[in-house]
Enquirer: 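Right, I'll just put the structure down here and ask away after.
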Amino acid sequence: MTAKQTNPFYKTKRWRRKRENILKQHDYLCAESRQYGNNRQAEMIHHIYPLEYYPELAYEDWNLLPLTNSVHNTFHDRNTNEVIDRGIYWQSKRKKEFDRFYERT
């Protein structure tokens, strides 16, 4: 079994700065956990509309969500990487921003 390759995007200086900004905006806490009154430390940033399908949304604040790794696993099917459950919920929650973005372009 081969290890999954990390997208080079996540190693760029621009992404690291954006990631830090998003974490800071959310007090370094998981946005999903906070909805349920839990203050769990965020471990990563999730692209609500996936980077591989929407690279133009890569740096849009409204498309970025700090999460714990375990919560992030409820957003994607880990075999297919398809957006599921809570991931679909957040896409519907950010649909207005998504539509506005494409109206402008």
Side-chain angles (χ1 to χ4, degrees):
M1 186 171 175
T2 59
K4 184 178 175 186
Q5 292 291 326
T6 301
N7 184 330
F9 166 84
Y10 294 109
K11 296 182 186 271
T12 65
K13 191 175 189 175
R14 182 177 179 197
W15 171 250
R16 288 193 313 263
R17 278 194 313 263
K18 175 55 86 171
R19 179 186 186 282
E20 181 62 25
N21 253 346
I22 296 298
L23 288 169
K24 200 177 289 186
Q25 286 174 27
H26 291 267
D27 298 321
Y28 297 89
L29 298 173
C30 173
E32 177 75 0
S33 298
R34 286 181 91 174
Q35 284 195 1
Y36 301 101
N38 300 318
N39 288 329
R40 295 175 60 200
Q41 194 75 31
E43 299 166 307
M44 53 82 58
I45 301 296
H46 169 70
H47 285 89
I48 296 169
Y49 289 92
L51 177 66
E52 55 269 24
Y53 301 116
Y54 302 97
E56 65 277 16
L57 302 178
Y59 298 102
E60 296 295 320
D61 286 3
W62 59 264
N63 192 45
L64 303 172
L65 198 62
L67 300 173
T68 66
N69 289 324
S70 61
V71 166
H72 189 233
N73 287 334
T74 68
F75 281 53
H76 296 276
D77 177 306
R78 285 297 163 213
N79 294 317
T80 65
N81 210 30
E82 180 184 351
V83 177
I84 60 169
D85 301 332
R86 295 306 289 171
I88 293 169
Y89 164 80
W90 278 95
Q91 284 183 346
S92 67
K93 189 171 176 160
R94 298 288 167 86
K95 182 81 168 88
K96 285 181 187 173
E97 291 88 345
F98 179 86
D99 290 341
R100 254 183 265 146
F101 178 88
Y102 288 103
E103 285 171 6
R104 291 190 324 248
T105 56

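Note that the numbering runs from 1 along the sequence shown for the chain. Remember, predicted model here, so these are calculated numbers, not experimental data.
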Enquirer: Give, for atom CD1 of I48 and atom CH2 of W62, the distance between the pair rounded to the nearest 0.5 Å.
Expert: 7.5 Å
Enquirer: Could you state the interatomic distance from NE2 (H72) to CG (L65), rounded to the nearest 0.5 Å?
Expert: 9.0 Å
Enquirer: For the residue pair T12 / R17, report whether a side-chain donor-acceptor contact shorter than 3.5 Å exists.
Expert: no
Enquirer: Grouping I, L, V, M, F, W and Y whenever their side-chain heavy atoms are under 4.5 Å apart, do L29 and V71 come out in a common cluster?
Expert: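 Result: no, two separate clusters.
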Enquirer: What verdict does the side-chain contact (heavy atoms from CB on, under 4.5 Å) test give for K18 and D61, after you've listed the backbone C-alpha separation in whole Å, the side-chain angles of each residue and the deciding distance to 0.1 Å?
Expert: CA-CA 8 Å; K18 175 55 86 171; D61 286 3; 2.4 Å; yes
Enquirer: Please round to the nearest 0.5 Å and tell me the distance separating atom CG of L64 and atom CG of N21.
Expert: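 Output value for this atom pair is 10.5 Å.
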Enquirer: Identify the heavy atoms of Y36 and E32 that sit nearest to each other, and give their distance.
Expert: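 Nearest pair, atom of Y36 first, then E32: CD1-O, 3.3 Å.
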Enquirer: Verify the distance criterion only: is there a donor paired with an acceptor across the side chains of N73 and R78 at less than 3.5 Å?
Expert: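 Short answer, yes.
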Enquirer: What about L57 and L67, same hydrophobic cluster or not, with Ile/Leu/Val/Met/Phe/Trp/Tyr joined at side-chain heavy-atom distances under 4.5 Å?
Expert: yes
Enquirer: Do I88 and L51 share a hydrophobic cluster (ILVMFWY, side-chain heavy atoms under 4.5 Å, transitive)?
Expert: no
Enquirer: Do Y49 and Y53 make the cut of ring centroids closer than 6.0 angstrom?
Expert: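 Ring centres of Y53 and Y49 not closer than 6.0 Å.
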Enquirer: Working to the nearest 0.5 angstrom, can you tell me the gap between F101 CZ and R94 CZ?
Expert: 15.0 Å
Enquirer: Taking the cut-offs as 6.0 angstrom to the six-membered ring centre and 45 degrees off its axis, would you call K93 and W90 a cation-pi pair?
Expert: yes
Enquirer: Work out which heavy atom in A58 is nearest to a heavy atom in W15; give both atom names and the distance.
Expert: O-CZ3, 3.7 Å
Enquirer: With a sphere of 6.0 Å drawn around CD of E56, does it hold more than 12 non-hydrogen atoms of other residues, nucleotides or ligands?
Expert: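 Correct, the count exceeds 12.
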Enquirer: Within the side chain of Q41, is there an N or O that forms a donor-acceptor pair under 3.5 Å with the backbone of Y28?
Expert: yes
Enquirer: Distance alone, cut at 3.5 Å: any donor-acceptor contact between the side chains of E52 and N81?
Expert: yes
Enquirer: Any side-chain to backbone donor/acceptor pair from D77 onto N79? Under 3.5 Å, distance only.
Expert: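 Pair found, side chain donor or acceptor close to backbone of N79.
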Enquirer: Just checking, R86 and Y89: is the charged tip under 6.0 Å from the six-membered ring centre and within 45° of the axis?
Expert: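 Pair R86/Y89 counts as cation-pi.
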Enquirer: Do you know which two heavy atoms are closest between N69 and E43, and how far apart they sit?
Expert: N-OE1, 2.5 Å
Enquirer: Distance from Y102 atom OH to R104 atom CZ, nearest 0.5 Å?
Expert: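 Answer for the OH-CZ pair, Y102 versus R104, is 10.5 Å.
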Enquirer: Under the side-chain hydrogen bond (donor to acceptor under 3.5 Å, both in side chains) test, which residues partner H26, sequence neighbours left out?
Expert: none
Enquirer: Could you tell me the separation between the NE2 atom of H47 and the CG atom of N63, rounded to the nearest 0.5 Å?
Expert: 6.0 Å
Enquirer: Under the 6.0 Å and 45° cation-pi test, does R14 pair with Y59?
Expert: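 Here R14 passes the 6.0 Å and 45° test against Y59.
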Enquirer: Ignoring hydrogens and geometry, is there a side-chain-to-backbone donor-acceptor pair from N7 to Y10 under 3.5 Å?
Expert: no
Enquirer: Is the centre of the H46 ring less than 6.0 Å from the centre of the F75 ring?
Expert: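 Yes, the ring centres sit under 6.0 Å apart.
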Enquirer: A side-chain contact here means heavy atoms from C-beta on lying under 4.5 Å apart; do S70 and R40 qualify?
Expert: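 Yes, side chains in contact.
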